[in-house]
Amino acid sequence: MKSIVLVLLLFARFSPALADDLVFPENFVFGVATAPGHAENGLDDIWLDWARAGNIRAYSNHADPEKRLNTWSDPETEIRLYEQLGLQAVRLGVDWGRVMPTKDRFDEAAIARYRSILRTIRSKNLKIMLSLFHHSVPKWVQNQGGWKNPETSEDFIRFSKKIISEFRGEVDWWITFNEPQVFALLAYQAGLWPPGETDGPMSLLDLPFYRGKTVKAVLNMAAAHRGVYDSVHRDHPGIRIGVAQHFGDHRGASLIGKILASFTGRFMNWFFLEQIRGKMDFIGMNYYGAEWISARGVEILKEEEYSEAGRAVHPAGLARLMKEAHSRFQLPVLITENGIADSTDWIRPAYLSEHLAAVHDALSAGVPVQGYFLWTLSDNLEWTDGYCPKFGLVEVNRSENLKRTPRGSFGLYSRIVKSKTLSADDRGRAWAEYQSHVGQTRPFCRAPDGKNGLDVPVDRIIPSRDWRFR
């Protein structure tokens with residue numbers, strides 16, 4: 001009898017919070033998220049130029065890379081998958097350059113096409129979150145200095161007012177900017193995204209007597225957001241506008257790393273939001289995991305589990321940051337992106353389950369979390385990582401005309417979405433599936449420097465660490 005009790009106590013110790021089903025509120029929405037630059041074909045954008053110049057990994061070695069996911073010419077394929085999942089909402093975007101190909105002209109045919117797509121989605125009883133800037137500026141904006149030029153703020157306000165006026169009847173939530181600090185940092189400081197500019201640490205300084213180039217770009221985006229917010233709230237009362245802010249749980253991989261992480265976490269998580277305080281109707285949180293910081297930058301640690309794209313799996317960080325965001329701003333929260341690149345689908349079920357457990361914990365603590373948007377439905381182009389990381393619930397075979405094949409996690413997410421419940425059985429099975437692969441290898445698309453992607457993935461061993469929420 002004592003041995004049985006001991007086993008039960010040990011199970012309780014190492015299997016936290018698995019006894020109960022986690023039920024989400026009736027008005028909570030489940031969705032998926034994507035972006036024009038990832039999914040739309042027919043885009044003549046800065047990312048196409050960047051790829052053709054050889055700056056996107058895992059691109060030219062894949063079939064039909066310029067098709068992306070063909071969602072411009074064939075949105076119906078993805079919409080049918082929305083219906084199969086039983087979603088309540090979808091996040092997508094409008095490409096600024098497609099709609100506004102020159103500084104002084106809107107393409108009315110492109111606007112009409114977007115309207116048709118949005119109305120088709122609405123006809124399926126789905127709510128829509130629409131992003132206005134998701135990491136792609138028009139070529140003419142790039143030529144005038146991009147977000148380093150204050151004039152770009154006025155151009156974006158004009159574009160946003162036009163789109164909101166056109167589509168306000170179809171859209172439930174508006175996102176002005178997706179991850180503004182990430183874009184500014186990678187485009188104007190690290191040189192990894194177009195236009196590929198590099199600058200030193202001074203670029204990140206915000207001092208009374210000096211502002212770096214990256215900070216100036218972020219502040220120009222903040223000015224644009226404030227301008228859009230004030231204008232459209234005046235013209236369209238009741239509209240809901242926010243941003244999709246990139247959040248990471250910044251942690252130190254060394255003593256110096258812990259000191260640096262306090263600065264990087266403050267800048268990446270909170271700097272932009274503080275610039276637009278009082279000009280948000282909700283906070284959108286994009287969260288993928290932990291960022292282990294050292295003097296060399298972001299570290300890839302052997303003992304941690306990672307997405308194929310190089311984000312350390314850490315669901316506890318999501319709960320902590322949701323609570324901190326609500327404490328700081330007293331606004332509703334929407335998880336606008338959360339997901340893992342995992343072509344094997346060995347990790348995704350547990351990743352999804354444990355992050356939803358973190359969301360449920362925040363709800364139980366009184367954080368008004370209104371919805372969760374999984375990144376993403378189908379494997380897509382992942383910026384300079386190309387087609388190597390596989391974030392999709394649905395596998396895409398690029399050699400067979402983008403043939404879609406749902407992975408096992410598609411069924412798990414569908415059960416959660418339709419019942420608004422993460423069952424204890426599903427959560428337990430997901431973790432058991434993960435544990436069954438400990439010690440085996442899986443593909444990994446991040447170079448050892450933690451920054452660059454790979455044309456061909458390398459093998460990475462699944463570690464034994466227990467990263468479950470609580």
Side-chain angles (χ1 to χ4, degrees), residues 37 46-47 49-50 53 55-57 133-139 141-156 176-226 243-254 256-277 286 288 291-299 310-311 383-385 446-447 449-453:
I46 60 172
W47 289 99
D49 289 349
W50 199 238
N55 295 312
I56 293 183
R57 299 288 189 178
F133 178 80
H134 201 131
H135 298 333
S136 189
V137 297
K139 291 184 178 182
V141 170
Q142 195 83 300
N143 291 337
Q144 71 182 23
W147 283 107
K148 296 174 299 171
N149 185 348
E151 189 177 336
T152 298
S153 297
E154 294 304 318
D155 294 323
F156 182 77
T176 52
F177 289 95
N178 184 80
E179 302 179 351
Q181 282 127 291
V182 171
F183 180 83
L185 185 71
L186 298 184
Y188 305 128
Q189 198 268 341
L192 297 174
W193 286 8
E197 297 181 13
T198 56
D199 208 348
M202 295 285 285
S203 180
L204 301 174
L205 291 181
D206 180 33
L207 302 172
F209 53 88
Y210 179 83
R211 275 182 172 159
K213 182 168 63 175
T214 301
V215 169
K216 287 179 181 178
V218 172
L219 293 176
N220 286 336
M221 286 187 261
H225 172 90
R226 293 192 299 268
V243 295
Q245 174 71 7
H246 182 274
F247 284 86
D249 192 13
H250 288 240
R251 306 169 74 81
S254 62
I256 293 176
K258 290 178 181 177
I259 296 170
L260 291 173
S262 67
F263 290 98
T264 59
R266 191 179 313 136
F267 177 75
M268 295 303 295
N269 292 339
W270 308 112
F271 181 78
F272 187 82
L273 295 182
E274 289 294 346
Q275 308 308 311
I276 62 171
R277 179 180 283 275
N286 293 357
Y288 290 92
E291 305 284 354
W292 286 96
I293 307 297
S294 75
R296 292 185 296 271
V298 178
E299 292 283 340
R311 300 279 75 80
W383 308 125
T384 51
D385 290 336
R446 181 67 60 212
D449 63 9
K451 295 186 291 186
N452 292 289

Student: For Glu291 versus Gly248, what's the shortest heavy-atom pair and its separation?
Tutor: CG-CA, 4.5 Å

Student: Looking only at heavy atoms, which two atoms of Phe247 and Asn269 are closest? And how far apart?
Tutor: CA-OD1, 3.3 Å

Student: Just to verify, what does Glu299 make a salt bridge (charged side-chain N to carboxylate O under 4.0 Å, His left out) with, not counting sequence neighbours?
Tutor: Arg296

Student: Got a second to check how far Asn149's CG is from Glu154's CD, nearest 0.5 Å?
Tutor: 11.0 Å

Student: Does any part of the side chain of His246, heavy atoms only, come nearer than 4.5 Å to the side chain of Asn178, both counted from C-beta?
Tutor: no

Student: First locate atom CD of Glu179, then atom CG of Leu185, and finally report the distance between them rounded to the nearest 0.5 Å.
Tutor: 11.5 Å

Student: Within the structure provided, determine whether Lys451 and Val298 are in side-chain contact (heavy-atom separation under 4.5 Å).
Tutor: no

Student: Determine whether a donor-acceptor pair (N or O, by modelled atom type, separation under 3.5 Å) exists between the side chain of Gln245 and the backbone of Met268.
Tutor: yes

Student: Check Arg446, Arg311, Arg57 against Asp385 for a salt bridge (charged side-chain N to carboxylate O under 4.0 Å, His left out) and give me the one that passes.
Tutor: Arg446

Student: List the atom of Ser153, the atom of Asn220, and the distance in Å for their closest heavy-atom pair.
Tutor: OG-O, 2.6 Å

Student: For the backbone of His135 and the side chain of Trp47, can you confirm whether one donor and one acceptor N or O come within less than 3.5 Å of each other?
Tutor: yes

Student: Got a sec, which pairs hit salt bridge (charged side-chain N to carboxylate O under 4.0 Å, His left out) with one end in residues 189-198, sequence neighbours left out?
Tutor: Lys148-Glu197, Glu197-Lys213

Student: The test is side-chain contact (heavy atoms from CB on, under 4.5 Å); show your working for His225 and Val243 and say whether it passes.
Tutor: CA-CA 9 Å; His225 172 90; Val243 295; 3.6 Å; yes

Student: Just by modelled atom types, is the Thr214 backbone N or O under 3.5 Å from a matching donor or acceptor in the Ser203 side chain?
Tutor: yes

Student: Taking side chain to side chain contact (heavy atoms under 4.5 Å, CB included) as the test, write out the residues that go with Asp155, two or more places apart.
Tutor: Trp96, Lys103, Trp140, Gln144, Glu151, Arg158

Student: Under the ring pair (Phe, Tyr, Trp, His ring centres under 6.0 Å) criterion, do Phe133 and Phe183 qualify, and how do the steps go?
Tutor: CA-CA 10 Å; Phe133 178 80; Phe183 180 83; 5.2 Å; yes

Student: Just checking Leu205: does its CG atom have more than 12 heavy atoms from other residues, nucleotides or ligands closer to it than 6.0 angstrom?
Tutor: yes

Student: Under 30°, 30 to 60°, or over 60°: which ring-plane class applies to Trp383 and Trp193, parallel, tilted or perpendicular?
Tutor: tilted

Student: Tyr188 and Pro195: which non-hydrogen atoms are nearest, and at how many Å?
Tutor: CE2-CD, 3.8 Å

Student: Could you list the residues that satisfy ring pair (Phe, Tyr, Trp, His ring centres under 6.0 Å) with Trp292, not counting sequence neighbours?
Tutor: none

Student: Applying ring pair (Phe, Tyr, Trp, His ring centres under 6.0 Å), run through Phe156 and Trp147 and close with a yes or a no.
Tutor: CA-CA 10 Å; Phe156 182 77; Trp147 283 107; 5.7 Å; yes

Student: What pair of heavy atoms forms the shortest contact from Ala261 to Gly252, and how long is it?
Tutor: CB-N, 4.0 Å

Student: Flag the pair Trp50 / Ile56 as yes when at least one side-chain heavy-atom distance between them is below 4.5 Å, and no otherwise.
Tutor: yes

Student: Between Phe263 and Ile293, is there a side-chain heavy-atom distance shorter than 4.5 Å?
Tutor: no

Student: Just jot down the ring pair (Phe, Tyr, Trp, His ring centres under 6.0 Å) partners of Phe272, sequence neighbours excluded, or say none.
Tutor: none

Student: Is there a side-chain contact between Met221 and Gln181, using heavy atoms and a 4.5 Å cut-off?
Tutor: no

Student: Once salt bridge (charged side-chain N to carboxylate O under 4.0 Å, His left out) is applied, what residue pairs with a partner in residues 260-269 remain, sequence neighbours excluded?
Tutor: none

Student: Could you give the distance from CG (Leu192) to OG1 (Thr198), rounded to the nearest 0.5 Å?
Tutor: 10.0 Å

Student: Tell me the closest heavy-atom pair linking Ala217 and Ala184, and the distance in Å.
Tutor: CB-CB, 4.1 Å

Student: Do the non-hydrogen side-chain atoms of Phe267 and Asp206 ever get within less than 4.5 Å of each other?
Tutor: no

Student: So do the side chains of Arg211 and Leu219 get within less than 4.5 Å of each other, counting heavy atoms only?
Tutor: yes

Student: I want to check something: taking the side chain as every heavy atom from C-beta on, are Ser262 and His250 in contact at a cut-off of under 4.5 Å?
Tutor: no

